[in-house]
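First the structure, in the form of structure tokens, and then the observations on it.
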Amino acid sequence: MSNKFFIEGRWKQAIACNLPIVSCPGEFMRGRHSDSFLKMLGVTDIIPENEAEYIEIAVKLGLDPAWRRSIAEQMSQNHDRLFDDKACVVGLEAFYKQVFIKH
């Protein structure tokens, strides 16, 4: 799947289903989201450096089922890094406490 054509938020469903996303960070938030989440999962082989690599990775995912399964397995094994990460929750909680104390 390509993040170029994602409707915002669909990357979560793709990652939850272990569907590899060819992620190319760019000017839009969707590219930065999927890039960051793939890095959290430790799956960086599908993050291209340029447009040519983007095409190469997309074609390889489409034509090489063994590699696609390998990427999907890496995603599956590391779901906890993304879906069970409490750092954002702790940060938001600290922010709310700070705001509450000031007011």
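The figures that follow rest on heavy atoms only: side chains count, while hydrogens, waters and symmetry mates do not. Residues: numbered from 1 along the sequence shown. Bear in mind the structure is a predicted one, so any value in this text is a computation, not a measurement.
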### Message
Please enumerate all residues that pass side-chain hydrogen bond (donor to acceptor under 3.5 Å, both in side chains) together with K39, with sequence neighbours excluded.
### Response
D35
### Message
Using the side-chain hydrogen bond (donor to acceptor under 3.5 Å, both in side chains) criterion, which residues pair with E56? Sequence neighbours excluded.
### Response
none
### Task
Let me see the working for N18 and H79 under side-chain contact (heavy atoms from CB on, under 4.5 Å), right down to the final yes or no.
CA-CA 9 Å; N18 305 314; H79 272 192; 2.7 Å; yes
### Side-chain hydrophobic cluster, 4.5 Å single linkage: members besides I55
V59, L63
Test side chain to side chain contact (heavy atoms under 4.5 Å, CB included) applied to [X] - qualifying residues, sequence neighbours left out:
{"X": "A52", "answer": "N50"}
{"X": "F95", "answer": "L92, V99"}
{"X": "R81", "answer": "N78"}

### Approximate separation, where rounding is to 0.5 Å, of L38 CG and Q74 CD
10.5 Å
### Message
Distance check, rounded to the nearest 0.5 Å: S70 atom OG versus M75 atom CE?
### Response
11.5 Å
### Query
Which atom pair, heavy atoms only, marks the closest approach of S23 to P48?
O-CD, 2.7 Å
#### Entry: Heavy-atom check, side chain of V43 versus side chain of I71, under 4.5 Å
yes
### Query
Going by heavy atoms in the side chains, are I46 and W67 under 4.5 Å from each other?
yes
### Task
Using the salt bridge (Lys or Arg N to Asp or Glu O under 4.0 Å) rule, take E93 and K97 through it: C-alpha gap first, then chi angles, then the decisive distance, then the call.
CA-CA 6 Å; E93 179 182 27; K97 285 180 180 177; 3.7 Å; yes
### Task
Output yes when a side-chain donor or acceptor of E53 lies under 3.5 Å from a complementary backbone atom of E49, and no otherwise.
yes
### Task
Any chance you could lay out the side-chain contact (heavy atoms from CB on, under 4.5 Å) test for I15 and F83, step after step, and finish with the verdict?
CA-CA 10 Å; I15 289 174; F83 296 116; 3.9 Å; yes
